[in-house]
Amino acid sequence: MNDQQLLRYARHILLDEFGYEAQEKVCAASALIIGAGGLGSPAAAYLAASGVRRLVLADDDRVELSNLQRQILHTTDRLGLHKAESGRTMLQALNPEIEVVALVERLSGEVLLEQVRQADVVLDCTDNFATRHAINRACVTCRKPLVSGAAIRFDGQVSVFDMRRDDAPCYHCLFPEAEEAVELNCATSGVFAPLVGIVGSLQAAEALKIMAGVGDTLAGRLLLLDAFSMQWRTVRVARDPACPVCGYHQ
């Protein structure tokens with residue numbers, strides 16, 4: 001790192017549990033963030049500020065006025081722009097030293113697989129089960145760690161599915177794919193604005209620990225937050241040996 005980087009990341013380097021070597025790993029890492037909305041906004045901002053070398057931000061939506069209550073990557077003067085491009089503008093302004101790639105598309109199939117292969121960690125900041133399961137399958141195939149977050153109303157959750165570990169559960173082990181699953185969304189159910197900030201920040205924290213190789217992650221655990229009463233609880237998540245997605249990993 002040069003002198004400017006040493007100054008920029010000094011507060012990380014001062015941490016005994018983090019330090020210079022961990023920061024160097026972060027500065028050499030790549031993250032794929034799928035979704036540039038409520039969760040992706042704080043997650044991407046903290047990863048950019050922390051010096052992640054390459055951030056790929058994927059989203060095919062455009063910025064709407066109703067997004068601005070919580071999606072802090074975007075501003076009023078960027079209404080109508082694609083979220084991925086609006087997010088890139090903000091992230092490059094925050095840290096011009098990093099590379100930010102804006103993908104204006106809904107990742108799927110081989111394109112999704114290729115983007116997952118290129119990343120050191122994947123952050124699922126989407127809002128629907130079909131996309132979450134597709135991301136999970138790609139991470140299992142490529143054996144990449146997945147940091148998953150979700151938020152609706154006053155309820156949030158975060159977990160890590162670290163497919164580098166043979167004993168790790170995947171997203172499907174916890175939430176089996178089902179056609180009859182009832183989905184809630186912010187447009188019809190609402191969401192408490194700071195909740196997505198909390199959950200997205202937790203996703204960034206888990207991703208940074210994975211990239212830096214420090215601390216204990218939420219692998220094998222689901223962290224739940226009730227922001228209305230501000231209560232946290234943790235649920236253990238076991239790998240399902242019969243899981244149709246990750247069951248072949250021994």
Side-chain angles (χ1 to χ4, degrees), residues 23-63 67 71-74 78 81-128 130-150 158 160-164 171 196 199-213 217:
Q23 183 60 49
E24 275 200 318
K25 291 177 182 177
V26 169
C27 288
S30 172
L32 171 61
I33 303 170
I34 305 177
L39 301 176
S41 289
Y46 274 113
L47 293 185
S50 297
V52 176
R53 177 186 60 82
R54 186 173 191 264
L55 291 179
V56 178
L57 192 62
D59 198 308
D60 66 341
D61 286 343
R62 292 181 182 269
V63 180
N67 300 148
Q71 299 183 15
I72 58 173
L73 273 184
H74 315 300
R78 296 205 290 273
L81 296 183
H82 284 106
K83 290 182 181 179
E85 294 175 344
S86 169
R88 178 176 59 190
T89 297
M90 187 274 196
L91 298 173
Q92 293 279 205
L94 181 61
N95 191 347
E97 295 185 346
I98 68 170
E99 177 188 3
V100 181
V101 178
L103 296 181
V104 182
E105 59 183 301
R106 187 179 295 270
L107 298 184
S108 62
E110 285 300 319
V111 177
L112 173 59
L113 271 174
E114 183 56 32
Q115 290 299 326
V116 169
R117 282 193 193 100
Q118 294 178 26
D120 294 303
V121 62
V122 178
L123 287 80
D124 180 356
C125 300
T126 64
D127 61 358
N128 67 87
T131 304
R132 289 171 184 159
H133 281 288
I135 295 168
N136 176 65
R137 288 191 294 270
C139 288
V140 171
T141 298
C142 301
R143 302 203 76 168
K144 298 287 183 165
L146 169 62
V147 183
S148 174
V158 186
V160 171
F161 305 99
D162 194 344
M163 303 320 301
R164 300 171 300 177
Y171 183 84
V196 295
V199 173
S201 296
L202 286 169
Q203 288 182 266
E206 293 299 287
L208 283 170
K209 289 190 294 181
I210 289 168
M211 288 183 279
T217 72

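Expressed to the nearest 0.5 Å, how far OG of Ser30 lies from CD of Gln118 amounts to 7.5 Å. Note that CG of Leu81 and CG of Asp61 are 13.0 Å apart. Values are rounded to the nearest 0.5 Å. The structure places CG of Leu55 at 9.0 Å from CD of Gln92, a figure rounded to the nearest 0.5 Å. One finds the CG atom of Leu112 at 7.5 Å from the SG atom of Cys139 (value rounded to the nearest 0.5 Å). Taking CG of Asp120 as the start and CZ of Arg164 as the end, the distance is 9.0 Å to the nearest 0.5 Å. Distance check: Asp124 CG to Leu39 CG gives 8.5 Å after rounding to the nearest 0.5 Å.
Remark: Cys27 engages Met1, Tyr9, Gln23 in a side-chain contact (heavy atoms from CB on, under 4.5 Å) (not counting sequence neighbours). Evaluation of the ring-ring contact (aromatic ring centres under 6.0 Å, His included) rule for His82 yields no partner, not counting sequence neighbours.
For the pair Glu99 and Arg54, the minimum side-chain heavy-atom distance is below 4.5 Å. Proximity of Val121 to Leu146: side-chain heavy atoms (C-beta onward) are nowhere separated by under 4.5 Å. Contact annotation: the side chain of Lys144 never approaches that of Met163 to less than 4.5 Å [non-hydrogen atoms, C-beta and beyond]. Using a 4.5 Å heavy-atom cutoff, the side chains of Asp59 and Val104 are not in contact. Side chains of Met90 and Arg78 form a contact here, defined as non-hydrogen atoms less than 4.5 Å apart. By the 4.5 Å heavy-atom criterion applied to side chains, Ile34 and Ile135 are counted as neighbours. Contact of the Lys83 side chain with the Gln71 side chain is registered, since non-hydrogen atoms from C-beta on lie closer than 4.5 Å. Counting only heavy atoms from C-beta outward, the side chains of Val122 and Val147 never approach each other to under 4.5 Å.
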Open item on the list: The test is side-chain contact (heavy atoms from CB on, under 4.5 Å); show your working for Val100 and Asn95 and say whether it passes.
Closed with: CA-CA 10 Å; Val100 181; Asn95 191 347; over 6 Å; no
Open item on the list: Between Ile98 and Val52, is the side-chain contact (heavy atoms from CB on, under 4.5 Å) condition met? List the steps.
Closed with: CA-CA 7 Å; Ile98 68 170; Val52 176; 5.8 Å; no
Task: Full working for side-chain contact (heavy atoms from CB on, under 4.5 Å) between Glu85 and Thr89 - done: CA-CA 6 Å; Glu85 294 175 344; Thr89 297; 5.8 Å; no
- [ ] Let me see the working for Leu57 and Leu103 under side-chain contact (heavy atoms from CB on, under 4.5 Å), right down to the final yes or no.
- [x] CA-CA 6 Å; Leu57 192 62; Leu103 296 181; over 6 Å; no
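Contact record, Gly40 with Cys125: N-CB, 3.5 Å, taken as the closest heavy-atom pair. Nearest heavy atom pair, residue Ala204 against residue Ala43, reads CB-O, 3.8 Å. Here the closest heavy-atom approach between residue Met211 and residue Lys25 is recorded as O-CB, 3.6 Å. Taking all atoms of both residues into account, the shortest heavy-atom contact from Val111 to Glu105 is CG1-OE1, 3.8 Å. Gly149 and Val199 get closest at one heavy-atom pair: CA-CG1, 4.0 Å. Here the shortest heavy-atom pairing between Ala102 and Ala84 reads CB-O, 3.5 Å.
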